[in-house]
Amino acid sequence: MCGISGWVSYQRDLRQERSTSEAMTATMACRGPDAQGLWLDEHAAMGHRRLAIIDLPGGAQPMVAHTPEGDVVLVYSGEVYTFVELREELRRCGHRFHTDSDTEVVLRGYLEWGAELPERLNGMYAFAIWDGRTDQLLLMRDRMGIKPLYYFPTEDGVLFGSEPKAVLANPMVPREVDLEGLRELFSMVKTPGHAVWAGMREVEPGTVVTVDRTGVRARRYWHLRAEQHTDSREDTVARVRELLDDIVRRQLVADVPRCILLSGGLDSSAITALAAEQLRGKETVRSFAVDFVGQTERFVPDELRATPDTPYVHEVARHAGTRHEDIVLDAKGLADPSVRAAAVRARDLPMGLGDMDQSLLMLFRAIRQHSTVALSGESADEVFGGYAWFHDPVARDAGTFPWLVAMESQRGRDGGSVLEPGLRERLDLQGYVAQRYEEAMAEVPRLDGEHDPLERRMREVCYLHLTRMVRILLDRKDRMSMASGLEVRVPFCDHRLVEYVFNAPWSLKTFDGREKSLLRHATTDLLPHSVLERVKSPYPSTQDPAYVVELQSQVRDLLSEGSNSALDLVDHSRLQQITRTEPGQVTTADRNGLERTLDLAVWFDLERPALTLDSGR
C-alpha cells in the first residue's frame, strides 16, 4: 500500500520541476513511510511513497520497463490478490520477472494487455502508467473505489495523486471551493467523480482515464449489471461461503504482521472467524477493537445502538481463539485538538464525523505499533442489506437516498444545522440531493421481467448503497488507515461477491426475516449464537458527557476569538445556545453541529481554502 503522485505536461520540460514533484510526493509520506522514489522525463514526472507489504526488498517504485520504443513507468498503490496466477500466465506469454512483487505483475500485465489490464485484476488498487512509447498517461482504479485517485486537468496535461493534498501541493492548482463543492461536502451523497475542490476530479471506480496531447478521456471497464439469479437458497448460501473462504485466504497474504479489526458485529466477527480457520495450526490471529473508558458499564441504548460492542468482541475473540487487544480511548484524548487536526488533514476535508473519525485514527495508530495489514468487515451492510433503513418502508420509499431519511429522523427536520441561514438557503441542499438522486436512479441496471415492486425498489436501494454510500465509508477508512501507515483490506468488496449478492433477490437476502440472511447462514458454523442474533450496531461513538464538555469549551473559545474564517459559515447564535446547554441535554444533532464547526475551523487553519460562493449549480 502506497501513495502516488505525478505530473504530465506536453509544453514544458518536467526535468526542471524536480522540487515541485518532490513536494507533491512528500505529501504522501504517511501513506508510504518505508521508501520514496521519483522518476522524471521531459513530459512526465512520477512520484511514489512505499508501504512495503509484498516482497520487501523488491517492488521499489517508480518501476520502469525499458522497451525499444520507449520506457513504460508505473506508480502503484494497492494490492492485487491474484498476482501469483497472473505472474504464471504472463510467464507463459514470455515475460521474465526480476522480483516477487505484485507491482511487477501489474507492469508486465500492462505490457501484455494494455488498457484492458484492470479487467484481469482482482484487488484494491489505484495506479498510473506513463507509456513513453505513445506519450500517454493512464490512470486506473479498482472496481469498488477502495483506493483513491484524484486528478486535475491543466492546459497542457494533468496533475494526479492518491489524495487531493498531493495535487494541491503544485502551485498551479488553486485551493478553491465553490458552492458546488460545499453542496457536495454537506450533502452526504458522494457523487461519483466529484472531488469538492474546484477543477479537481476523482477517478471513478472501475474506470481508466487516458491523458494524451488531445486531452483527457475516461472509460468505464466495470459496473454493476442486472442478471438473473437462478441458484437455490442452499446453493446461494454455499456460494457466498465459498467466495468468502477464497477471498479471506487471498487477503491474508502479506510479508508483514497482519490482524483483524473486530467490533463484535456479524461482519467483522465473520472475517475474524474465517481468518482463524485459514490460519489454524500456523498462526494465532491478532484482533483489535476500539472501546471507550466506562462505555460498557455506563452504556445507554439509543436509536442506533442497542448494545455495547465489548462483550461481543470478547466472546468472538475467545470463540475464534484470537490474541485480542482492546484500544481504550478517553474523552480528553478524543477531544485533543491535535487529533482532530490530524483527522481533518488526513481527509483533506471537514467531514464533520467528529469522534468517529478521531477514534478511528487513534485506533489505527495503536494497531500500527503491532501490525501493518488489517482485515475489516467494512461494506457488508451495503452488500448484504444490513442497515435498518433497508427494512424501513418510510426510508426505503421516500424517493431519495434512504440513509438521508434515516439521518433526518434521528436529528430532526432541520438536521440541527449550524450553517449560517443565508448560506443554507444559497446551498439549497434539498435541491442538490434531488438532482444527484435523479442521476443515480438513471444509472440503475434493470432486470427484464422484474415486475415485483419491492424487488425492483430493493435493487435500486442496493445500487445506491454500492455506488454512493459505500464510497463514503471506504474513503474514510482508507484515509484514516493510510494516515497511520496501516493497510486495511476489505474482503466484502471483492467484486465477485458484490456482483453475486447484488443479483440475489431481496426475498433471498432476507429469507430468515432479518437483515443479512445470506451472510449469517454462510457463517453459522463459525460464530457464537449471541453474535449471530445480535442486531446491527454501527461503529461506536463515545457516550461520555466529558467529551461534549470539551466540544462546548472549544467552540466557545472559537467564537470568542472570532478570527477563523469558518465563522463566516456558521450560525453564531445557535452555537452559543448549544454551548450553554447542559452536556447531558445536548442532542445528537447539536453535538454534530459542534463537531462540524470545529472541523471547519481546523480545515481553514490547515488548508486555507478560498471560497467562491457566487457560482451556481
Side-chain angles (χ1 to χ4, degrees), residues 141 143-145 148-151 164 176-207 209 218 220 222-224 226 347-353 379 381-382 387 389-390 392 394-411 413-415 417 419 423-446 456-476 502 569 592 596 611-613 615-617:
R141 194 174 180 205
R143 294 167 178 85
M144 290 296 290
L149 185 56
Y150 294 82
Y151 67 101
E176 181 180 307
V177 176
D178 57 22
L179 273 179
E180 181 83 358
L182 288 181
R183 290 178 180 121
E184 184 68 18
L185 179 61
F186 295 131
S187 62
M188 195 73 174
V189 296
K190 189 62 175 175
T191 304
H194 207 302
V196 177
W197 296 95
M200 194 181 300
R201 298 286 296 168
E202 186 177 27
V203 177
E204 294 190 30
T207 298
V209 172
R220 289 282 296 276
W222 182 86
H223 55 84
L224 284 169
R347 300 194 72 169
D348 295 301
L349 294 169
M351 301 306 294
L353 293 182
S379 308
D381 288 307
E382 290 80 7
Y387 292 115
W389 51 80
F390 274 88
D392 176 8
V394 173
R396 185 186 68 208
D397 301 329
T400 188
F401 300 100
W403 58 88
L404 297 184
V405 179
M407 289 168 58
E408 183 174 324
S409 71
Q410 293 156 10
R411 66 190 184 192
R413 179 177 177 80
D414 188 43
S417 174
L419 294 179
L423 174 61
R424 202 183 317 163
E425 183 177 352
R426 295 171 72 187
L427 288 173
D428 183 21
L429 293 180
Q430 185 175 356
Y432 182 77
V433 168
Q435 175 191 345
R436 295 313 192 194
Y437 178 73
E438 183 179 351
E439 293 168 356
M441 290 294 290
E443 301 171 8
V444 178
R446 306 295 179 180
R456 183 179 176 85
R457 178 54 182 164
M458 293 316 297
R459 183 179 294 277
E460 295 169 348
V461 169
C462 290
Y463 183 86
L464 294 175
H465 282 77
L466 290 169
T467 60
R468 270 68 177 177
M469 180 69 174
V470 76
R471 294 175 188 170
I472 296 171
L473 300 178
L474 289 174
D475 185 72
R476 170 177 175 259
F502 174 69
L569 305 181
N592 291 343
R596 172 71 78 180
L611 301 186
T612 54
L613 305 182
S615 59
R617 182 175 298 126

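Any value given below was found using the heavy atoms of this structure, including those in side chains, with hydrogens, waters and symmetry copies removed.
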Visitor: For Phe390, is the NZ or CZ atom of Arg396 found under 6.0 angstrom from the centre of its six-membered ring and inside 45 degrees of the ring axis?
Guide: no
Visitor: Examine distances only and state if a side-chain atom of Trp403 and a backbone atom of Tyr387 form a donor-acceptor pair shorter than 3.5 Å.
Guide: no
Visitor: Out of the candidates Met200, Glu204, Glu202, Arg436, only one should pair with His194 under the side-chain contact (heavy atoms from CB on, under 4.5 Å) rule; please name it.
Guide: Arg436
Visitor: Mark yes when over 12 heavy atoms from residues, nucleotides or ligands other than Glu438 sit less than 6.0 Å from its CD; otherwise mark no.
Guide: no
Visitor: Taking C-beta and beyond as the side chain, do Pro192 and Glu439 meet within less than 4.5 Å on heavy atoms?
Guide: no
Visitor: Looking at residues at least two apart in the chain, or sitting in another chain, which of them share a ring-ring contact (aromatic ring centres under 6.0 Å, His included) with Tyr150?
Guide: none
Visitor: What pairs with Arg347 under side-chain hydrogen bond (donor to acceptor under 3.5 Å, both in side chains), at least two apart in sequence or on another chain?
Guide: Asp357
Visitor: Can you check whether Glu382 reaches Leu473 side chain to side chain, under 4.5 Å on heavy atoms?
Guide: yes
Visitor: To the nearest 0.5 Å, tell me how far Leu353 CG sits from Ile472 CD1.
Guide: 9.0 Å
Visitor: For side chain to side chain contact (heavy atoms under 4.5 Å, CB included), just list the numbers for Tyr463 and Leu224, CA-CA rounded to whole Å, side-chain angles, deciding distance to a tenth of an Å, and then say yes or no.
Guide: CA-CA 8 Å; Tyr463 183 86; Leu224 284 169; 4.0 Å; yes
Visitor: Is there side-chain contact between Leu427 and Tyr432, with at least one heavy-atom pair below 4.5 Å?
Guide: no
Visitor: Closer than 3.5 angstrom, by distance alone: can the side chain of Arg426 be matched with the main-chain N or O of Leu613 as a donor-acceptor pair?
Guide: yes
Visitor: Could you walk me through whether Leu466 and Met144 pass side chain to side chain contact (heavy atoms under 4.5 Å, CB included), step by step?
Guide: CA-CA 8 Å; Leu466 290 169; Met144 290 296 290; 4.3 Å; yes
Visitor: When rounded to the nearest 0.5 angstrom, what distance separates CE in Met441 from CG in Leu464?
Guide: 6.5 Å
Visitor: Looking only at non-hydrogen atoms, find the nearest pair between Leu149 and Arg141 and report the distance.
Guide: N-NE, 4.2 Å
Visitor: Over all heavy atoms of both residues, which pair between Ala226 and Pro445 is shortest? Give the atoms and the distance, please.
Guide: N-CB, 3.7 Å
Visitor: Under the 3.5 angstrom rule, does the side chain of Arg183 hit a backbone N or O of Asp178 as a donor-acceptor pair?
Guide: no
Visitor: Quick one: sort the Trp389 and His465 rings into parallel, tilted or perpendicular, breaks at 30° and 60°.
Guide: parallel
Visitor: Return the set of residues passing side-chain hydrogen bond (donor to acceptor under 3.5 Å, both in side chains) with Arg468 (not counting sequence neighbours), or none when no residue passes.
Guide: Glu443
Visitor: Should Leu349 and Trp197 count as side-chain neighbours, where that means a heavy-atom distance under 4.5 Å?
Guide: yes
Visitor: Heavy atoms, side chains only, cut-off 4.5 Å: are Phe186 and Arg596 in contact?
Guide: yes
Visitor: Got a donor-acceptor contact below 3.5 angstrom from the Glu460 side chain to the Val444 backbone?
Guide: no
Visitor: Apply the test side chain to side chain contact (heavy atoms under 4.5 Å, CB included) to residues Met351 and Arg476: give CA-CA distance (whole Å), side-chain angles for both, the deciding distance (0.1 Å), then the verdict.
Guide: CA-CA 9 Å; Met351 301 306 294; Arg476 170 177 175 259; over 6 Å; no
Visitor: Just verifying a value: how many Å separate Glu180 CD and Thr191 OG1, rounded to the nearest 0.5 Å?
Guide: 7.5 Å
Visitor: Less than 4.5 Å apart, any side-chain heavy atom of Leu474 and any of Ser379?
Guide: yes
Visitor: Does any non-hydrogen side-chain atom of Leu569 lie less than 4.5 Å from one of Leu611?
Guide: yes
